[in-house]
Asks: 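Structure below; questions to follow.
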Amino acid sequence: MAHPRRDYGMDAMQTGDTELIRAINRFHVLDTIRQFEPISRAEIGERTQLSRTTVSAIITALLDEGVIYYDEGEAPGSPKSIVGRGRPRVLLRMNPNAAYVVGAKLSMHQVSITVTNLRADPLSCLVLPVRTWRLGAALIADLLEDGIRATVAKAGITMAQIAGVGVGLPGFIDSVAGIAHWSPILAAELAPVPLARMLSDRLGVSAVIENDANLVTLAERWFGHGQGVDNFVVVTVEAGIGMGLFINGDLYRGHHGMGTEFGHSKIDRNGPLCRCGQYGCVEAFAADYAILREARKIIDLPPTDDEPSIEAAVREITRLAREGHQGLLAVFATAGEILGLGIANLVNVIDPGKVIISGAGMRAADLLEPAVRAAVAANSLRVLNGRCEIIFHDWTDEVWARGAASLVLQGLYRLPWSRNARIEMAI
């Protein structure tokens, strides 16, 4: 099935934002090379549905910038580039060492950092077990600075070679302004935290921050089940319930940069209290703390005052449920039903090609999955029933950090740049 034509002709260029159109076209060309290299100009045109003139202009610029190169032995006129008679078939590859970026994921109990090249191949990783929620914004920024510098050195490169840094964390994150309005990690802060600027000041490198669910969504788009799918949803189940959304091939953030808070959509106005301060959210039924709350009504459990102890308790609940504890099996079934009901609403509103469920909550995927699938089937519109693929897929925090690196690369792919220059990233 052919993709919708992405080329923007003169009429569109006269009425639209020319620079934005160029950035979009450039991104599609470079991302296509990343996915399918070595690849010819003709195939790039077929896959992107861009005109030959547009593809040629973008390829020329990318070659001049050193971002791509002719495949070895495939330069014009070389024996390998001749396929039978006619014009040479020139193949192109991305230069993975044209730029390096850093991605980091902040969770309640650890920090994961990854350095990648321009192709998003991981070069070095670092995981720091630390109770981030005890530190405060300034100490978290200091910790990130030290961890990023160490991970960059471990990769055998210098900070001067880093084109940008991306950081993901849970909460209400304004990625455009670089501000964390609220996060369980920064709950002690009385005012919004300009975390992106704090990191840029410390590192001397452009930094962006993002809701962590968007990181795993980018990871799915670049490396996972979202490849080749223009409309899909990722729902993350762990300490909270998050969501990332791709619409028409682009990450959707909403008008104010803080959209897709699926976990705080309301299922029951008389339901339990959510961490956001409101009642009846999906998260208040299906997140780790919600499962623990319901389990405490059935069995005795040790006190839990931080994320690691909550996670340990939920693992114990999961073990007992798998051993056949009927009350705990019912707890997971209820959580799965509510989660599935919320997902059915997403299916009815968005009509995605896939819904991918991920996160630490996948430790209990076998206990949640039957109820999730049953609720989706029972509550989806009949015309859509069975047409959206539901996938349970777990990622480690290191891969979420790689998703943060992809966030930076997504900006780099859009803009002309010099290998020796740092840029302000267009996310």
Side-chain angles (χ1 to χ4, degrees), residues 107-109 170 184 213 216 225 233-243 262-275 279-347 354-380 385-386 388-396:
S107 61
M108 297 287 281
H109 62 285
V216 73
H225 293 285
V233 174
V234 173
V235 174
T236 58
V237 182
E238 43 183 19
I241 305 294
M243 188 181 89
F262 166 67
H264 299 289
S265 58
K266 306 301 183 282
I267 292 293
D268 180 1
R269 66 179 180 178
N270 298 314
L273 179 66
C274 179
R275 291 187 307 176
Y279 290 86
C281 299
V282 171
E283 177 176 305
F285 288 96
D288 280 356
Y289 69 86
I291 291 173
L292 179 57
R293 181 196 64 232
E294 295 304 307
R296 287 191 185 281
K297 298 176 182 178
I298 302 170
I299 62 173
D300 290 329
L301 290 165
T304 51
D305 61 354
D306 58 30
E307 194 65 27
S309 61
I310 291 174
E311 184 172 354
V314 174
R315 287 187 180 278
E316 177 63 10
I317 295 165
T318 303
R319 183 187 68 80
L320 292 172
R322 286 201 181 104
E323 290 179 356
H325 192 294
Q326 292 302 305
L328 296 179
L329 285 170
V331 169
F332 282 104
T334 299
E337 181 183 10
I338 296 296
L339 185 63
L341 178 58
I343 290 172
N345 290 335
L346 293 176
V347 171
K354 295 181 179 181
V355 173
I356 305 163
I357 305 172
S358 188
M362 294 304 93
R363 70 172 86 81
D366 57 318
L367 303 176
L368 295 168
E369 184 172 353
V372 169
R373 292 190 182 279
V376 172
N379 295 283
S380 297
N385 206 328
C388 175
E389 185 178 3
I390 308 296
I391 300 169
F392 287 75
H393 187 203
D394 194 15
W395 289 108
T396 64

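Note that the coordinates shown come from a computational prediction; the quantities given were computed from them, not determined experimentally. Because only heavy atoms are used, hydrogens play no part in the values below, and waters and symmetry mates are left out as well, while side chains stay in.
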Asks: Sequence neighbours excluded and cut-off under 3.5 Å, please list the side-chain donor-acceptor pairs for residues 367-376, or say none.
Replies:
{"from": "E369", "atom 1": "OE2", "to": "R373", "atom 2": "NE", "distance (Å)": "2.8"}
{"from": "E369", "atom 1": "OE2", "to": "R373", "atom 2": "NH2", "distance (Å)": "3.0"}
{"from": "R373", "atom 1": "NH1", "to": "I390", "atom 2": "O", "distance (Å)": "3.3"}
{"from": "R373", "atom 1": "NH2", "to": "I390", "atom 2": "O", "distance (Å)": "2.9"}

Asks: Does any N or O in the side chain of Y279 come within less than 3.5 Å of the main-chain N or O of A284, such that one atom is a donor and the other an acceptor?
Replies: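 No, the answer is negative, given that no donor and acceptor are paired below the 3.5 Å cut-off.
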Asks: Taking the side chain as every heavy atom from C-beta outward, state whether V235 and I356 have any pair of such atoms under 4.5 Å apart.
Replies: no
Asks: Do N379 and N345 touch side chain to side chain, with heavy atoms closer than 4.5 Å?
Replies: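 No, side chains not in contact.
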Asks: Verify, without hydrogens or angle tests, whether T236 (side chain) and G242 (backbone) share a donor-acceptor contact under 3.5 angstrom.
Replies: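 Here the side-chain-to-backbone pair exists.
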Asks: Is any side-chain heavy atom of M243 closer than 4.5 Å to one of V233?
Replies: yes
Asks: With a 4.5 Å cut-off on side-chain heavy atoms, are R296 and T304 touching?
Replies: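 SC-SC contact between T304 and R296 confirmed.
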Asks: So that I can tick it off, tell me whether R315 and D288 are bridged by a salt bridge, with the cut-off set at under 4.0 angstrom between side-chain N and carboxylate O.
Replies: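 Looking at R315 together with D288, the answer is no, because their closest N to O distance does not fall below 4.0 Å.
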Asks: I want to check something: taking the side chain as every heavy atom from C-beta on, are D366 and F392 in contact at a cut-off of under 4.5 Å?
Replies: no
Asks: Please identify each residue that fulfils ring-ring contact (aromatic ring centres under 6.0 Å, His included) with H109, with sequence neighbours left out.
Replies: none
Asks: Nearest 0.5 Å please: distance from the CZ atom of R319 over to the CD atom of E316.
Replies: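 Those atoms lie 4.0 Å apart.
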Asks: Heavy-atom distance under 4.5 Å between the side chains of L328 and E294, does that happen here?
Replies: no
